[in-house]
Engineer: 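Can you keep this structure in mind? I'll have questions shortly.
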Amino acid sequence: MAHVVSRGPVSGTATRTRKRKLFLVDLYSTAVGKKYVMAITGIIGIGFVVAHLIGNLKAYLGLITENGERVYDVDVYGEFLREILVPILPRTYALWALRLVLIAALVLHVHAAYSLTVMNRQARPIGYQSSRDYVAANFASRTMRWTGVIVLLFLAWHLADFTWGWVNPDFVRGAVYRNMDASLSRIPVAALYVVANIALGIHLFHGTWSLFQSMGWNNPRFNSWRRGLATGIATLIVVGNVSFPIAAQAGIIQV
Ligand code: HEM
């Protein structure tokens with residue numbers, strides 16, 4: 001019997017998929033496309049830092065009783081993250097899926113920022129652009145670059161501190177509360193967390209403000225709402241995150 005292969009719909013789907021891929025690659029090669037990527041990955045980052053802060057606030061709930069045992073609430077939360085979707089998936093699989101989304105978002109965010117900077121350098125302003133606007137835009141983007149680099153360096157330290165324990169001699173895997181106390185009770189480390197989170201706050205303020213521009217949601221009628229949101233997110237993150245090193249120094253977070 002002749003083997004009949006229906007090519008029509010399959011190749012049609014393949015062509016459409018290839019066209020869509022090419023469209024995305026073409027879009028990313030433009031400044032507008034890179035700004036979309038910055039905005040979308042930025043929203044993922046904002047979602048993460050807000051969720052991370054809410055989780056960390058459990059440190060203030062101290063000890064709770066679970067299955068007749070006294071345990072730190074924030075340690076239970078850390079374990080919960082590793083157990084998401086168990087037994088549908090093996091332990092830590094769902095957490096790794098979330099981590100992969102975050103890693104991809106971070107890589108894309110940094111890549112788009114870097115290539116936009118290169119594009120801007122190549123296209124210096126000429127002609128009619130108001131020099132006042134240019135200076136303001138340039139100040140904001142320079143601030144974003146510096147605060148972005150500080151946040152990246154902080155993140156490397158932070159993972160070495162709380163996830164891998166390389167820079168914390170008293171690190172105990174899974175003992176989140178104890179690790180917070182051990183790490184943030186050291187004055188230089190506490191100072192580093194304060195400075196880095198202020199830099200993150202500035203980055204989040206400018207970032208939240210400009211993501212509306214990048215996505216094309218920039219009707220001047222919404223400007224005060226936009227400013228309020230940018231201020232609210234930045235303030236929440238700075239106040240929340242800076243509270244942890246202060247609490248550890250004050251003995252509020254203490255084993
Ligand atoms: C004072 C503020 C912060 C505190 C007290 C804190 C605390 C922690 C702790 C205790 C962990 C380990 C959790 C566990 O092992 O279950 C952790 C992981 C992590 N933190 Fe933070 N964090 C802070 C700020 C930040 C900021 C600002 C960022 C991002 C810019 C961040 C990104 C991360 C990441 C990516 C992980 C790894 C998550 C994972 O491996 O699943 N943290 N943090």
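Source: prediction; values computed, not measured. Ligands are counted one by one from 1 in listed order, and the atoms in each one are counted from 1 as well. Residue numbers start at 1 and run along the sequence shown.
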Engineer: Report the part of Asn241 in contact with ligand 1, treating N, CA, C, O as backbone and CB onward as side chain, heavy atoms under 4.0 Å; options are side chain, backbone, both, neither.
Structural biologist: both

Engineer: What protein heavy atom is closest to atom 36 (C) of ligand 1, reported as residue, atom name and distance in Å?
Structural biologist: Leu159 CD2, 3.7 Å

Engineer: Under 4.0 Å from a heavy atom of Phe48: give me the atoms of ligand 1 that qualify, with their elements.
Structural biologist: 31 (C), 32 (C), 33 (C), 34 (C), 35 (C)

Engineer: With a 4.0 Å heavy-atom cut-off (strictly under), which part of Asn197 contacts ligand 1: side chain, backbone, both or neither?
Structural biologist: side chain

Engineer: Pick, from Glu79, Arg99, His52, the option with the minimum heavy-atom distance to atom 40 (O) of ligand 1.
Structural biologist: Arg99

Engineer: Can you check whether Tyr193 has an N/O within less than 3.5 Å of an N/O in ligand 1?
Structural biologist: no

Engineer: For a side-chain contact (heavy atoms from CB on, under 4.5 Å) with Asn168, tell me which candidate from Trp166, Trp164, Phe171 qualifies.
Structural biologist: Phe171

Engineer: Where's the contact between Leu155 and ligand 1, heavy-atom distance under 4.0 Å: side chain, backbone, both or neither?
Structural biologist: side chain

Engineer: Would you please indicate yes or no on a ring centroid separation below 6.0 angstrom for His109 and Tyr114?
Structural biologist: no

Engineer: Counting heavy atoms only, which part of Leu200 comes closer than 4.0 Å to ligand 1: side chain, backbone, both or neither?
Structural biologist: side chain

Engineer: Non-hydrogen atoms of Thr163 versus ligand 1: any pair closer than 4.0 Å?
Structural biologist: yes

Engineer: Please verify whether a non-hydrogen atom of Tyr77 lies at under 4.0 Å from ligand 1.
Structural biologist: no

Engineer: Flag yes if Leu116 and Leu211 sit in one hydrophobic cluster, no otherwise; membership is Ile, Leu, Val, Met, Phe, Trp, Tyr, and two members link when side-chain heavy atoms are under 4.5 Å apart.
Structural biologist: no

